[in-house]
**Q** 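If you scroll down you'll find the structure; I have some questions about it.
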Number of protein chains: 2
Amino acid sequence: MKEKKTSPYHHGNLKEALLKTALEMIDREGLDAITLRDLTQRLGTSRTAVYRHFASKEVLILGVIEKGYEQLDLLFTPIFQDRTRSVAERFETMGRAYLDFAVEHPNLYRLLFGEKFRREREEICDYKNETQANGLYALIGLLLEAQEEGIVARENPMVQAATVWASIHGLASLLIDGHLLMSDNIEAIYEYSQGMLLKGLR
Amino acid sequence: MKEKKTSPYHHGNLKEALLKTALEMIDREGLDAITLRDLTQRLGTSRTAVYRHFASKEVLILGVIEKGYEQLDLLFTPIFQDRTRSVAERFETMGRAYLDFAVEHPNLYRLLFGEKFRREREEICDYKNETQANGLYALIGLLLEAQEEGIVARENPMVQAATVWASIHGLASLLIDGHLLMSDNIEAIYEYSQGMLLKGLR
DNA sequence: CATATAATGTTAGCATTGTCAACATTATAT
DNA sequence: ATATAATGTTGACAATGCTAACATTATATG
């Protein structure tokens, strides 16, 4: 399929390759560690080839962010929408999947849910963080279902969703940023959190 | 008091001035925005004067972090220890003060509770994040008091503290990092969070 | 098919920034 | 009083993002 000639002048699919490799590098080494020179060298092109596809390093990163959200979407949507499982089950599974993702991909998690390029995400790309919004809406949907079942109080689901998300995001952040020193208790903390959330939402 | 001569060769108190100004700059413009050249220029010294007091930029930042924790301590300790107020009141006031600090000093908040230099904080300085630990211990103490009063279940207070901290940290982070778009609802979200926490802890 | 034009890639070089080495000036101690 | 330590300065280097000018390949249009 792919011609493996000794580096042809035109890469063929450099844009996608840049996004893919950049995402991998960020995932592995963190946002601050990646360098355009390093990135391009791994792809066998010259350092400025990036600029034929992205206006700047920042714009490239914005592409990576978009790609990251898409991957998250692929991961989470099935869990949310698995109607074969009870609301409580989906809630539990979802929380665990979210935490697992953060722990397994801390650098990527920070990129997606951190502060960097916040303004630019909405200015340059106008996809308005669709996926992230999707995630919130999915959570709101789940909470509405839970309200139907009577296991969650009938209050503003947006406020509830924000509260739930904040709880889990806080736990994920403290964990991957090394602020919870009693790491062996993670499981206990997570279970307590879940229980407290369910109890508090009732 | 201070001699305002036309820049004497020796600054007199450069180390403290560096820490103070660096903290102000980080608070205002964020960690990534500060530059040793910029910093030293504002203090009227040459760019490399820093290295007579700090081994590197990173070590300087570690000093700023320490200073930041001290300031936080000064701000929070009185609230925790104000025995004239009920446990519930202190809990409420504390949460609000914490959130206020994050919103008013987002860059500083990210520096103190973010990921950067995590390892180095414990390797180089050996103060072991005393203040942060102090904060957690103070919260644990408050929870123990609350357990005495019967408004919080008698379970592992460390786990409870981590859960509470995660909730509020998550809310603060999502807020200052721009992930909660319905910014007008912040107050509602915060109040709901507090209520949910108290209910869930019971 | 031929060739003009767009797309894509390369090399050279600049500005910024952290850092080091060598040197200069001031404070402190003996 | 002067040797030594403390503190500050200048010059330079390497890494990095980026621009300009040029080179090569693909695509389209006659």
Side-chain angles (χ1 to χ4, degrees), chain A residues 1-23 25-26 28-65 107 111 116-117 119-120 124, chain B residues 1-23 25-26 28-65 107 111 116-117 119-120 124:
Chain A
M1 217 108 277
K2 284 289 164 83
E3 55 281 52
K4 282 286 166 53
K5 293 300 182 64
T6 58
S7 67
Y9 198 90
H10 281 181
H11 181 283
N13 200 11
L14 186 53
K15 186 167 185 176
E16 265 312 307
L18 283 168
L19 286 172
K20 178 163 173 287
T21 307
L23 192 149
M25 288 175 63
I26 291 179
R28 212 172 320 115
E29 309 167 46
L31 178 60
D32 289 348
I34 78 159
T35 285
L36 289 188
R37 279 166 156 86
D38 191 2
L39 171 61
T40 50
Q41 198 169 333
R42 297 197 197 192
L43 293 174
T45 74
S46 72
R47 43 201 180 301
T48 59
V50 194
Y51 295 96
R52 299 301 139 186
H53 302 278
F54 302 95
S56 65
K57 183 182 182 182
E58 185 180 299
V59 175
L60 168 64
I61 305 291
L62 287 172
V64 172
I65 291 176
N107 292 317
L111 180 66
K116 294 282 176 58
F117 313 125
R119 210 174 306 158
E120 293 77 3
I124 297 182
Chain B
M1 217 101 283
K2 285 289 162 82
E3 54 279 48
K4 283 286 164 52
K5 293 301 183 63
T6 58
S7 66
Y9 196 88
H10 281 182
H11 180 283
N13 200 11
L14 186 54
K15 184 167 185 175
E16 264 313 307
L18 282 169
L19 286 172
K20 179 165 173 284
T21 307
L23 192 149
M25 288 175 63
I26 291 180
R28 213 174 316 116
E29 308 167 48
L31 176 59
D32 289 348
I34 79 160
T35 282
L36 288 188
R37 281 165 156 86
D38 190 4
L39 171 62
T40 50
Q41 198 169 336
R42 296 197 198 191
L43 293 175
T45 75
S46 72
R47 47 204 180 299
T48 59
V50 195
Y51 294 96
R52 299 301 138 184
H53 303 276
F54 302 94
S56 65
K57 185 183 182 183
E58 185 180 300
V59 175
L60 168 64
I61 305 290
L62 287 172
V64 172
I65 291 177
N107 292 317
L111 179 66
K116 294 281 177 61
F117 312 125
R119 209 174 307 159
E120 293 77 3
I124 297 182

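Chain identifiers are assigned alphabetically (A, B, ...) following the order of the sequence lines, protein sequences preceding nucleic acid strands; residue numbering begins at 1 within each chain.
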**Q** Grab the CD-P distance between Q41(A) and dT10(C) for me, whole Å please.
**A** 12 Å
**Q** Starting at CG of D32(A) and ending at P of dA15(D), how long is that distance when rounded to a whole Å?
**A** 18 Å
**Q** Where the side chain of T40(B) meets the backbone of R37(B), is there a donor-acceptor pair that is under 3.5 Å apart?
**A** yes
**Q** Roughly how many Å is it from CG in L36(A) to C1' in dA15(C), rounded to a whole number?
**A** 16 Å
**Q** With a sphere of 6.0 Å drawn around CD of Q41(B), does it hold more than 12 non-hydrogen atoms of other residues, nucleotides or ligands?
**A**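 Atom CD in Q41(B) is not crowded, with 12 or fewer foreign heavy atoms closer than 6.0 Å.
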**Q** Where each residue is assigned the nucleotide of DNA chain D containing its nearest heavy atom, which of A33(A) and A55(A) is assigned the position nearer the 5′ end?
**A** A33(A)
**Q** Mark yes or no for a side-chain to base donor-acceptor pair under 3.5 Å between R47(A) and dG9(C), with no hydrogen or angle criteria applied.
**A**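 Checked by distance alone, the answer is no.
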**Q** Tell me which nucleotide among dA21(D), dT16(D), dC20(C) gets nearest to the side chain of R37(A).
**A** dT16(D)
**Q** Can you measure L39(A) atom CG to dC18(D) atom C1' for me and round it to whole angstrom units?
**A**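 Distance check: L39(A) CG to dC18(D) C1' gives 15 Å.
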**Q** Mind checking who dT28(C) pairs with, Watson-Crick or G-U wobble, both distances under 3.5 Å?
**A**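 Checking every strand shown, dT28(C) finds its partner in dA3(D), with both distances under 3.5 Å.
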**Q** Could you tell me how far apart K57(A) (NZ) and dA15(D) (P) are, to the nearest whole angstrom?
**A** 15 Å
**Q** State the CG-CZ distance between L18(B) and R52(B), to the nearest 0.5 angstrom.
**A** 13.0 Å
**Q** Looking at CG of N107(A) and CD1 of I34(A), how far apart are the two atoms once the value is rounded to the nearest 0.5 Å?
**A**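 Answer for the CG-CD1 pair, N107(A) versus I34(A), is 11.0 Å.
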**Q** I'd like to know if T48(A) reaches the base of dT11(C) with its side chain, counting only an N/O donor and acceptor under 3.5 Å.
**A**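 Check passes, donor-acceptor contact within cut-off.
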**Q** Could you state the CG-P distance from L18(A) to dT8(C), rounded to the nearest angstrom?
**A**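 Nearest whole value for this atom pair: 12 Å.
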**Q** To the nearest Å, how far apart are R52(B) CZ and dC20(C) C1'?
**A** 10 Å
**Q** How long is the gap from CE on M25(A) to OG1 on T35(A), to the nearest 0.5 Å?
**A** 7.0 Å
**Q** If you check every side-chain atom of H53(A), which of dT10(C), dG18(C), dT8(C) has the closest atom?
**A** dT8(C)
**Q** Give I34(B) one of three labels, base, sugar-phosphate or nothing, depending on what nucleic acid heavy atoms sit under 4.0 Å from its own.
**A** sugar-phosphate
**Q** Look at all strands and tell whether T35(B) reaches a base, only sugar-phosphate, or nothing, counting heavy atoms closer than 4.0 Å.
**A** sugar-phosphate
**Q** Atom NZ of K15(B) and atom P of dG8(D): how far apart are they, to the nearest Å?
**A** 12 Å
